[in-house]
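Here is the structure we will look at.
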Amino acid sequence: MTRRFPQEITDGYLKVSASNVSDACDRLSINGAVTGILPIYPSAKIVGHAATLKMAKPKDGVKESVIPATFTLIETAGAGAVLVIDSRDNPTVNCLGGITGATIKHNGLVGCVADGIMRDVDEYKGFGLPVYGTGITQQSIRGRSVVAGVDVPVKLGEVTCNPDDLVFADDNGVVIVPREHAAEVLRIALVIKATEDRVIAAIRSGVRAVEAMNSANYENLNKPQNS
């Protein structure tokens with residue numbers, strides 16, 4: 001069975017922003033908004049199911065290659081996936097390079113989101129791979145990190161990402177949506193976007209901003225449903 005989200009879910013999320021999705025998560029009391037992970041270069045909006053990878057520092061001098069586990073994950077994640085890397089245990093070491101990026105692109109994944117730093121940005125630009133991370137480096141990962149887990153729950157900042165959760169990223173940052181809530185979060189996000197569009201249209205037509213927002217009940221858009 002495919003891990004990919006139905007096309008209508010993917011298409012729907014591409015109509016909204018990370019801000020809309022974050023507000024929708026607030027409505028459902030979901031901790032999904034990730035802080036500090038941004039586009040490494042101006043990147044396309046991405047949405048897809050999470051293929052998760054956990055990196056760690058080598059222990060006791062053991063320097064296992066990250067290549068077998070990383071590339072097997074990419075090759076089996078399925079088209080439409082987002083590679084999600086948790087490199088918080090080794091934050092000053094590169095967690096994504098150009099060959100890995102090329103393999104991501106070749107296998108139909110839509111991008112990479114990492115709590116970690118990356119290199120080879122020029123190569124990602126060259127083949128149009130959206131990448132989101134915490135910064136840029138030049139050094140190789142070889143001998144500096146090991147794979148601590150594949151398709152396991154990982155963390156992006158204070159947000160947990162489970163395998164197959166929905167990953168959303170755009171210019172505003174990253175939001176993780178638990179798979180079972182993907183449809184409901186999208187429904188609310190679309191309502192929020194439509195409401196904000198109406199408020200902006202009203203302001204442009206001459207309505208005072210406060211009046212436009214009050215009319216739309218804007219202050220309560222992201223208020224938890226059970227409060």
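The chain is numbered in sequence order, starting from 1. Because only heavy atoms are used, hydrogens play no part in the values below, and waters and symmetry mates are left out as well, while side chains stay in.
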Apply the test side-chain hydrogen bond (donor to acceptor under 3.5 Å, both in side chains) to residues Ser145 and Asn90: give CA-CA distance (whole Å), side-chain angles for both, the deciding distance (0.1 Å), then the verdict. CA-CA 7 Å; Ser145 280; Asn90 216 0; 2.8 Å; yes

Got more than 12 heavy atoms from elsewhere within 6.0 Å of CD, Glu8? yes

Test side-chain contact (heavy atoms from CB on, under 4.5 Å) on Leu109 and Ile74 and set out the steps. CA-CA 8 Å; Leu109 282 71; Ile74 294 169; 4.2 Å; yes

Taking it one step at a time, do Ile104 and Leu129 satisfy side-chain contact (heavy atoms from CB on, under 4.5 Å)? CA-CA 8 Å; Ile104 290 171; Leu129 180 72; 3.7 Å; yes

So, does Arg179 use its side chain to make a donor-acceptor pair with the main chain of Asp164 at under 3.5 Å? yes

Looking at Lys45 and Val16, would you say the former's side chain and the latter's main chain have a donor-acceptor pair under 3.5 Å? yes

Ignoring hydrogens and angles, tell me if any N or O in the side chain of Asp165 forms a donor-acceptor pair with the backbone of Ala50 under 3.5 Å. no

Any donor-acceptor N/O pair, Tyr13 side chain to Ala182 backbone, under 3.5 Å: yes

Evaluate the criterion salt bridge (Lys or Arg N to Asp or Glu O under 4.0 Å) for residue pair Asp197 and Lys193; output intermediate values, then yes/no. CA-CA 6 Å; Asp197 287 347; Lys193 175 173 171 41; 3.2 Å; yes

Can a donor-acceptor pair be found, under 3.5 Å and without considering hydrogens, that links the side chain of Thr72 to the backbone of Pro68? yes

Enter the distance from Asp170:CG to Ser43:OG here, rounded to the nearest 0.5 Å. 10.5 Å

Distance in Å, Ile99 CD1 paired with His106 NE2, rounded so as to fall on 0.5 Å steps: 14.0 Å

Nearest 0.5 Å please: distance from the CD1 atom of Ile85 over to the OG1 atom of Thr100. 7.5 Å

Inter-residue atom distance Ile176.CD1 - Asn31.CG, 0.5 Å rounding: 10.5 Å

Between Lys15 and Asp11, is there a salt bridge with N-O shorter than 4.0 Å? no

Donor + acceptor pair across side chains of Ser17, Asn20 (<3.5 Å): yes

So if I apply the side chain to side chain donor-acceptor pair (under 3.5 Å) rule between Asp89 and each of Lys155, Lys57, Lys54, which one comes out positive? Lys54

Against Leu166, only a single residue in Ile9, Val175, Thr10 fulfils side chain to side chain contact (heavy atoms under 4.5 Å, CB included); can you say which? Ile9

Does a salt bridge link Arg3 with Asp151, judged by any charged N lying under 4.0 Å from a carboxylate O? yes

Can you check side-chain contact (heavy atoms from CB on, under 4.5 Å) on Met55 and Ile141, steps first, answer last? CA-CA 10 Å; Met55 296 291 193; Ile141 191 174; 3.9 Å; yes

Flag yes if Val110 and Leu186 sit in one hydrophobic cluster, no otherwise; membership is Ile, Leu, Val, Met, Phe, Trp, Tyr, and two members link when side-chain heavy atoms are under 4.5 Å apart. no

What distance separates Leu96 CG from Cys112 SG, expressed to the nearest 0.5 Å? 4.5 Å

In this structure, are over 12 heavy atoms from other groups packed under 6.0 Å from Glu219 atom CD? no

Taking C-beta and beyond as the side chain, do Val152 and Val154 meet within less than 4.5 Å on heavy atoms? yes

Do any N or O atoms from the side chain of Asp115 and from the backbone of Gly157 form a donor-acceptor pair under 3.5 angstrom? yes

Pi-cation contact, Tyr124 with Arg119 (under 6.0 Å, within 45°): no

For side-chain contact (heavy atoms from CB on, under 4.5 Å), just list the numbers for Ser140 and Asn94, CA-CA rounded to whole Å, side-chain angles, deciding distance to a tenth of an Å, and then say yes or no. CA-CA 6 Å; Ser140 171; Asn94 166 53; 5.6 Å; no

Donor-acceptor list for residues 207-218 side chains, cut-off 3.5 Å, not counting sequence neighbours:
unit_1: Asn214; atom_1: ND2; unit_2: Val210; atom_2: O; d: 3.4
unit_1: Asn217; atom_1: OD1; unit_2: Asn220; atom_2: ND2; d: 2.8
unit_1: Tyr218; atom_1: OH; unit_2: Glu196; atom_2: OE2; d: 3.3

Between Ile46 and Val82, is any pair of side-chain heavy atoms under 4.5 Å apart? yes

ILVMFWY cluster, Tyr132 and Leu14 together (side-chain gap under 4.5 Å): no

Any heavy-atom pair between the side chains of Tyr41 and Val131 that's under 4.5 Å? yes

CG on Asp26 to CD1 on Ile188, rounded to 0.5 Å: 10.5 Å

